[in-house]
Number of protein chains: 2
Amino acid sequence: MVTLAEVAQHAGVSASTVSYVLSGKRSISAGTRQRVERSIRELGYHPNAGARALASSRSNIIALMVPLRTDMYVPVMMEIAIAVATTARPHGYDVVLLTGEEGPDAVRRVTGSGLADAMILMDVELEDERLPLLRHTDQPSVLIGLPAETTGLTCVDLDFTATGTLCVQHLAGLGHRDIAVIGEAPAVYERHTGFAERTLDGLRSTARELGLRLLHRPCEGGYDAMALTLSRIFDERPGTSGFVVQNESAIEPLLALLRQWGRAVPEDVSVVAICPDQVAAQASVRLTSVAIPAQEMGRRAVEHLVAKLDGRGKDEVVLLGPELTVRASTGPAPAA
Amino acid sequence: MVTLAEVAQHAGVSASTVSYVLSGKRSISAGTRQRVERSIRELGYHPNAGARALASSRSNIIALMVPLRTDMYVPVMMEIAIAVATTARPHGYDVVLLTGEEGPDAVRRVTGSGLADAMILMDVELEDERLPLLRHTDQPSVLIGLPAETTGLTCVDLDFTATGTLCVQHLAGLGHRDIAVIGEAPAVYERHTGFAERTLDGLRSTARELGLRLLHRPCEGGYDAMALTLSRIFDERPGTSGFVVQNESAIEPLLALLRQWGRAVPEDVSVVAICPDQVAAQASVRLTSVAIPAQEMGRRAVEHLVAKLDGRGKDEVVLLGPELTVRASTGPAPAA
DNA sequence: ATAGGTTGTCGAAGCGCTTCGACTGCGGTG
DNA sequence: CACCGCAGTCGAAGCGCTTCGACAACCTAT
């Protein structure tokens with residue numbers, strides 16, 4: 001293993017000079033810089049992460065807390081995680097993956113041990129138990145998601161309330177009066193996961209405003225659960241002609257079941273999905289959808305964090321405006 | 001930030017004693033141990049990761065290289081990543097996420113900087129350019145996947161060759177003579193990704209053995225790509241009655257299209273999927289499938305790595321035996 | 001009683017890096 | 001022409017931990 005000292009010797013300078021070449025924190029003459037850089041290359045030198053962290057009390061690592069639960073929307077998580085990792089690298093940061101398993105203890109461990117310089121939290125609940133800890137530490141953090149109380153926090157999220165509104169407006173504009181919402185699994189609501197509840201708020205308040213009837217049904221993914229849910233919906237509201245789906249693993253089952261019920265999409269019923277564009281575009285019917293901009297969220301979270309670490313950047317709530325793309329799954333409501 | 005020295009002072013012992021309480025590398029009297037542990041708790045002490053890494057030249061971090069590409073099977077990746085992270089924690093390791101972006105440089109960086117003690121590589125190609133580096137370092141590593149040449153490497157993977165065999169045997173046993181394979185995206189084969197090629201080997205050799213006709217068609221996921229692929233298959237081999245699918249995003253489109261073609265599953269055609277059990281069970285038809293044991297693979301990879309890090313454990317190739325679960329998507333071939 | 005082994009604890013020497021203060025020349029200024 | 005300031009470099013002091021050798025206290029076997 002090559003050390004700073006070896007590079008220094010090879011280049012005929014002192015260790016501190018090499019360090020300053022690397023960090024750029026003091027000016028170095030062009031000649032010396034080149035000599036040092038050449039030695040670094042020739043020896044294949046990589047600074048030792050531990051030593052660097054110890055001396056500078058900066059680990060150059062960002063912690064990413066992903067939910068452990070698998071009742072959640074996995075592809076979105078993965079996309080965010082990858083976006084976080086790829087955005088962090090060019091800024092000089094690596095990413096450690098913490099699963100939700102440890103809960104608040106993970107936050108304590110990270111801040112206490114200096115394992116990471118900053119944290120990104122996903123799967124935020126409205127009253128998340130990790131938040132008080134976050135507020136009482138000087139480690140920068142960004143939430144992907146929106147809790148009930150955001151003072152002193154930085155959050156990045158899709159504006160799910162507006163998303164709900166947008167879905168209802170679109171269906172209302174097409175003349176649908178009876179709308180069913182296929183939601184996430186019940187457990188997601190029981191935990192008071194921010195995005196699920198806020199979507200619902202948006203859906204409900206807009207439906208009320210526009211005088212539509214709205215039926216919300218949480219749904220575990222999968223064909224059987226969806227079959228049961230759908231038959232109950234048609235039992236209760238046979239006239240339902242608009243659907244909003246916010247559970248990826250319910251989408252294809254829903255489409256299959258609607259066919260089975262003899263309801264053509266979009267002639268008889270319209271379906272709006274809340275999911276990544278790729279999923280919407282690849283479904284067996286091209287779905288009108290509001291996109292979940294996973295990459296964008298991951299990227300933004302990192303950029304805010306880096307800004308904070310550099311001393312720029314303040315606490316802020318960034319809500320990305322939802323965009324509804326009309327595809328082939330929505331159309332005018334059938335005449336009553 | 002609480003330090004070892006502060007804990008030592010609080011407990012009235014020397015720093016080294018506290019260190020030995022933490023590591024258990026020397027015997028400590030019960031009384032002293034308790035006093036120290038109490039101080040640790042009261043002060044909320046967490047050892048500083050950087051200092052520990054520097055002094056011990058052990059970072060207690062495992063690097064996980066995930067593929068950047070999104071043409072791959074994302075849920076499986078995520079499941080593996082989560083399994084890796086949750087298995088690593090109880091062994092005292094954290095996980096850093098490296099995206100494939102950096103390629104072989106990431107390996108150099110990790111080994112050179114002591115960022116991690118060991119690596120897990122995913123998305124292994126048959127002639128992966130990272131392998132030579134891995135062989136020339138003393139850092140333990142485990143591949144999730146199987147390259148062409150495995151000497152000096154430890155690999156964990158599903159036995160995809162046997163998986164292919166199993167799929168064909170199952171269909172052959174039901175009397176199917178004409179089989180179509182819906183494969184991964186063409187890019188996956190162009191990269192010579194291990195699992196894809198080995199599955200194909202298993203499928204082909206078994207088909208030859210049993211005298212079946214086999215048509216392999218790579219397929220980008222999604223409805224349109226699948227539609228095109230399927231119509232070509234029926235053009236070329238109208239009598240095709242057995243399908244093997246190894247591309248999650250082609251599954252639902254395939255099922256939808258088969259309905260559209262008027263081919264009932266499983267009465268007219270049988271479909272075997274290679275995918276996680278959860279996906280197979282939740283599809284619009286309960287799919288007969290060979291499971292991809294993502295969690296198991298992640299867990300095993302970590303356990304091998306930890307064994308190596310503890311000085312136990314040798315290079316070894318672990319191939320998990322495939323298991324085919326019969327569900328509702330396969331049945332006897334229709335009379336010709 | 002004495003040599004020899006255990007057990008429990010301490011002090012000190014690093015691990016490889018960053019960073020601060022100090023020093024040396026230099027060119028520009030009054 | 002003496003002086004100041006600055007660019008460029010160096011030496012040394014840590015950062016917080018692990019680990020080695022030393023040592024005191026005790027126990028056992030002779």
Side-chain angles (χ1 to χ4, degrees), chain A residues 1-37 39-40 43-61 92 94 109-117 309, chain B residues 1-37 39-40 43-61 92 94 109-117 309:
Chain A
M1 189 184 202
V2 191
T3 71
L4 226 215
E6 291 170 331
V7 174
Q9 194 181 359
H10 186 270
V13 298
S14 75
S16 44
T17 301
V18 177
S19 179
Y20 287 124
V21 168
L22 252 29
S23 69
K25 293 193 180 171
R26 284 200 184 175
S27 51
I28 296 286
S29 68
T32 306
R33 157 172 294 113
Q34 283 169 19
R35 225 152 6 100
V36 170
E37 280 168 352
S39 298
I40 289 177
L43 301 178
Y45 169 70
H46 287 269
N48 181 84
R52 184 168 261 193
L54 178 56
S56 64
S57 38
R58 288 284 230 111
S59 63
N60 286 299
I61 287 183
D94 278 300
R109 198 164 62 85
V110 168
T111 58
S113 69
L115 170 63
D117 297 331
L309 287 165
Chain B
M1 191 185 198
V2 190
T3 70
L4 226 214
E6 291 170 329
V7 174
Q9 193 181 358
H10 186 271
V13 298
S14 74
S16 45
T17 300
V18 177
S19 179
Y20 286 125
V21 167
L22 251 30
S23 69
K25 293 195 178 169
R26 284 199 184 174
S27 49
I28 297 286
S29 69
T32 306
R33 158 170 295 112
Q34 284 169 18
R35 226 155 0 104
V36 170
E37 282 167 352
S39 298
I40 289 177
L43 300 179
Y45 170 70
H46 288 269
N48 181 83
R52 183 170 261 192
L54 177 57
S56 64
S57 38
R58 289 285 228 107
S59 63
N60 287 298
I61 286 183
D94 278 301
R109 198 164 60 87
V110 167
T111 58
S113 70
L115 171 62
D117 297 330
L309 286 165

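Chain naming here is simple, since letters A, B, ... match the order of the sequence lines and numbering starts at 1 in each. When reading the values below, keep in mind they use all heavy atoms of this one structure, side chains included, and skip hydrogens, waters and symmetry mates.
Summarising the geometry, the separation between OH on Y45(A) and P on dG16(C) is reported as 10 Å, rounded to the nearest angstrom. Here the C1' atom of nucleotide dG16(C) and the CG atom of N48(B) are 14 Å apart, to the nearest Å. Straight-line distance from the CE atom of M1(A) to the P atom of dG16(C): 7 Å, rounded to whole Å. Taking atom CD on E6(B) and atom C1' on dG16(D), their separation rounds to 11 Å, with Å as the unit.
Contact check for H10(A) versus V2(A): no side-chain heavy atoms found under the 4.5 Å cut-off. Put simply, the side chain of N48(A) does not reach to within 4.5 Å of the side chain of T3(A), judged on heavy atoms. In this structure the side chain of L22(A) reaches within 4.5 angstrom of the side chain of R52(A), judged on heavy atoms.
Other residues, nucleotides and ligands contribute over 12 non-hydrogen atoms within 6.0 Å of the CD atom of E37(B).
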Under-3.5 Å N/O pairs linking protein and nucleotides 13-15 of chain D:
{"residue": "dC15(D)", "atom": "O2", "partner": "A55(A)", "partner atom": "N", "Å": "3.4"}

Nucleotide-resolved protein contact map, nucleotides 6-12 of chain C, B/S/- at heavy-atom distance under 4.0 Å: -SSBBB-
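In this model, the phosphate group of dT18(D) is not approached by any side-chain N or O of K25(B) to a distance below 4.0 Å at OP1 or OP2. The side chain of R52(B) places an N or O atom within less than 4.0 Å of a non-bridging phosphate oxygen (OP1 or OP2) of dT18(D).
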